[in-house]
S.K.: 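If you scroll down you'll find the structure; I have some questions about it.
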Amino acid sequence: MNKFINPFSDYGWKKIFGSEVSKDLIISFLNEVIQQEVIVDITFRNVEMLGLKQDQRRAVFDIFCENEKGEIFIVEMQKSRQKYFSDRVLYYASFAIQQQSMIVKEKLEKEPDEVIRKRWNYQISKVYVVCILSYIMDLSRPEKYRWDVVRMDRELKLPFSETLNEIYIEMPKFVLPLHQCDTLYKKWLYVLNNIEIMERLPQELNNQIFRKLKSIVEVERMTPDQRLEYELSLSVERDLSAALDTSFEDGMEKGIEKGIKKGIEKGIEKGKVEEQRLIAANFKKQGINIETIAQCTGLSVKEVSEL
């Protein structure tokens with residue numbers, strides 16, 4: 001195993017940007033990405049309130065950030081190619097917008113003046129969606145790694161509304177060497193792409209932010225249960241990637257799109273179950289408690305006990 005957690009894994013992303021102990025890292029990163037705003041605090045919202053299934057929650061925006069004006073910002077990492085990715089961004093961003101309306105309505109309902117209680121006119125704060133992509137979204141523009149998207153008038157090419165702001169960063173296109181990373185923003189992108197540089201922090205990265213990042217991503221600091229969860233996360237992602245690659249190659253030969261979709265679904269499901277059983281059995285031999293193994297693998301306590 002590598003010495004540092006892969007920041008582009010589900011586990012790694014949540015470890016770095018999804019916990020209370022790393023709030024200062026999240027604020028630092030987002031203030032560099034969204035430079036026209038000053039974020040002062042963040043909260044982690046419970047995505048279960050959205051009524052989503054377990055396998056969908058991994059894709060939900062779950063980091064809400066606020067500036068001094070009370071505006072909401074959302075962070076998501078998307079790691080795999082998805083046919084309707086931009087539509088999915090809009091779908092999940094709509095929850096942040098709807099939640100704002102509920103918050104405002106709750107405040108107005110507490111007003112003693114009946115006229116004020118009925119005054120809300122659908123004014124909402126800006127929503128920023130920050131998507132860190134570990135794949136290339138647009139092959140035709142190899143030099144452009146950042147995309148800033150707003151609603152725009154087609155003829156005038158001017159912003160029509162900046163309520164919803166989408167920021168996409170294609171990490172594979174960011175290839176600057178460290179000595180050319182002259183801003184904290186570029187240093188952040190460099191470190192995410194080159195996490196192993198944390199082993200011996202160079203002078204350019206020897207500050208409080210990156211020293212703390214190093215302490216968070218060191219594998220040797222993880223408990224046995226955390227290592228189990230991390231390894232299972234990597235295993236599932238490798239299986240998914242392999243299934244997608246295999247299905248893509250088969251599809252190129254056969255040219256049958258429907259068959260690809262069914263093959264991916266069946267292959268992933270069958271492979272995932274068998275792999276999880278093998279991993280669970282291995283960690284059971286190592287003495288990790290059954291409840292933890294069951295929680296991480298998705299198997300039942302009874303299934304783990306019978307392995």
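Side chains included, hydrogens not; waters and symmetry mates left out as well; all remaining heavy atoms used.
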S.K.: Working to the nearest 0.5 Å, report the span between CD of Glu66 and OG1 of Thr43.
M.R.: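 Between atom CD of Glu66 and atom OG1 of Thr43 there are 5.5 Å.
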S.K.: Under 3.5 Å, side chain of Arg151 to main-chain N/O of Thr163, donor-acceptor pair present?
M.R.: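 No, the answer is negative, given that no donor and acceptor are paired below the 3.5 Å cut-off.
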S.K.: Is Glu306 reaching over with its side chain to a backbone N or O of Glu303, donor-acceptor style, under 3.5 angstrom?
M.R.: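 Checked: no pair found.
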S.K.: Output every pair passing ring-ring contact (aromatic ring centres under 6.0 Å, His included) with a member in residues 22-41, not counting sequence neighbours, ordered by first then second residue.
M.R.: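 Counting only pairs at least two positions apart or across chains, the ring-ring contact (aromatic ring centres under 6.0 Å, His included) contacts touching residues 22-41 are Phe17-Phe29, Phe29-Trp188.
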S.K.: Spell out, as yes or no, whether a donor-acceptor pair under 3.5 Å connects the side chain of Asp153 to the backbone of Leu156.
M.R.: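 Yes, the answer is positive, given that a donor and an acceptor are paired below the 3.5 Å cut-off.
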S.K.: Would you call Glu291 and Val304 a side-chain contact if the rule is heavy atoms closer than 4.5 Å?
M.R.: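 Answer no - side chains too far apart.
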S.K.: Give me the atom names and distance for the closest heavy-atom approach of Lys15 to Ser22.
M.R.: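 Distance-wise, the nearest heavy atoms are O-OG, 4.0 Å.
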S.K.: Quick one: are Phe8 and Leu192 in side-chain contact, heavy atoms under 4.5 Å?
M.R.: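 Yes, at least one pair of side-chain atoms sits under 4.5 Å.
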S.K.: At their closest point, which heavy atom of Leu158 faces which heavy atom of Met152, and how far apart are they?
M.R.: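 It is O-CG, 3.2 Å.
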S.K.: Ile39 and Cys65: which non-hydrogen atoms are nearest, and at how many Å?
M.R.: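 Ile39 and Cys65 have their closest heavy atoms at CG2-CB, 3.9 Å.
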S.K.: Of the non-hydrogen atoms in Ser9 and Gly12, which two are nearest, and what is the gap between them?
M.R.: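 Shortest heavy-atom separation between Ser9 and Gly12 comes out as OG-N, 2.9 Å.
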S.K.: Give the minimum heavy-atom separation between Pro172 and Val175, together with the two atoms involved.
M.R.: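 That closest heavy-atom pairing would be O-CG1, 3.8 Å.
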S.K.: What distance do Asn67 atom CG and Lys126 atom NZ have between them, rounded to the nearest 0.5 Å?
M.R.: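 Here the rounded value is 9.5 Å.
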S.K.: Ile16 versus Leu213: any side-chain heavy-atom pair under 4.5 Å?
M.R.: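 SC-SC contact between Ile16 and Leu213 confirmed.
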S.K.: State, with a plain yes or no, whether a side-chain heavy atom of Glu170 is found less than 4.5 Å away from one of Leu133.
M.R.: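 Result yes, sub-4.5 Å side-chain heavy-atom pair found.
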S.K.: Any side-chain heavy atom of Leu189 within less than 4.5 Å of one from Tyr185?
M.R.: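 Contact flag for Leu189/Tyr185 side chains = yes.
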S.K.: Measuring from atom CG of Leu234 to atom CD of Glu231, what distance do you get when rounded to the nearest 0.5 angstrom?
M.R.: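 CD of Glu231 is found 7.5 Å from CG of Leu234.
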S.K.: Any non-hydrogen side-chain atom of Pro7 less than 4.5 Å from a side-chain atom of Val217?
M.R.: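 They are not in side-chain contact.
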S.K.: Do the side chain of Lys187 and the main chain of Leu178 share a donor and acceptor less than 3.5 angstrom apart?
M.R.: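 Judged by distance alone, no pair lies under 3.5 Å.
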S.K.: Which value, rounded to the nearest 0.5 Å, describes the distance between Ile195 atom CD1 and Asn6 atom CG?
M.R.: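 Nearest 0.5 Å value for the CD1-CG distance: 8.5 Å.
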S.K.: Answer yes or no: does atom CD of Glu143 have more than 12 heavy-atom neighbours from other residues, nucleotides or ligands under 6.0 Å?
M.R.: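 Yes, the 6.0 Å shell around CD holds more than 12 heavy atoms from other groups.
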S.K.: Judged by atom type as modelled, is there a donor-acceptor pair below 3.5 Å linking the side chain of Gln180 to the main-chain atoms of Pro177?
M.R.: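 Answer holds: no.
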S.K.: Lys144: which residues meet the side-chain hydrogen bond (donor to acceptor under 3.5 Å, both in side chains) condition with it, sequence neighbours left out?
M.R.: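 Result, side-chain hydrogen bond (donor to acceptor under 3.5 Å, both in side chains) vs Lys144: none returned.
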S.K.: Take atom CD in Gln208; do more than 12 heavy atoms of anything else shown fall under 6.0 Å from it?
M.R.: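 For Gln208, atom CD is not crowded (no more than 12 foreign heavy atoms under 6.0 Å).
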S.K.: Is there a donor-acceptor contact under 3.5 Å linking the side chains of Trp147 and Glu166?
M.R.: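 No, Glu166 and Trp147 have no side-chain donor paired with an acceptor closer than 3.5 Å.
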S.K.: Looking at Asp138, is its backbone amide N or carbonyl O close enough to the side chain of Lys173 to form a donor-acceptor pair, meaning the two atoms are under 3.5 Å apart?
M.R.: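 Present.
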S.K.: Are Arg146 and Tyr168 close enough that some pair of their side-chain heavy atoms sits under 4.5 Å apart?
M.R.: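 Not in contact.
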S.K.: Return the set of residues passing side-chain hydrogen bond (donor to acceptor under 3.5 Å, both in side chains) with Tyr190 (not counting sequence neighbours), or none when no residue passes.
M.R.: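 Listed in chain order: nothing, the list is empty.
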S.K.: Atom CD of residue position Gln203 - does it have more than 12 heavy atoms of other residues, nucleotides or ligands inside 6.0 Å?
M.R.: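 No.
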S.K.: Between atom CG of Asp148 and atom CD of Gln36, what is the distance when rounded to the nearest 0.5 Å?
M.R.: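 So the CG of Asp148 and the CD of Gln36 are separated by 7.5 Å.
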S.K.: Can you find a pair of side-chain heavy atoms, one from Phe210 and one from Leu184, that are under 4.5 Å apart?
M.R.: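 Yes; the side chains approach each other to less than 4.5 Å.
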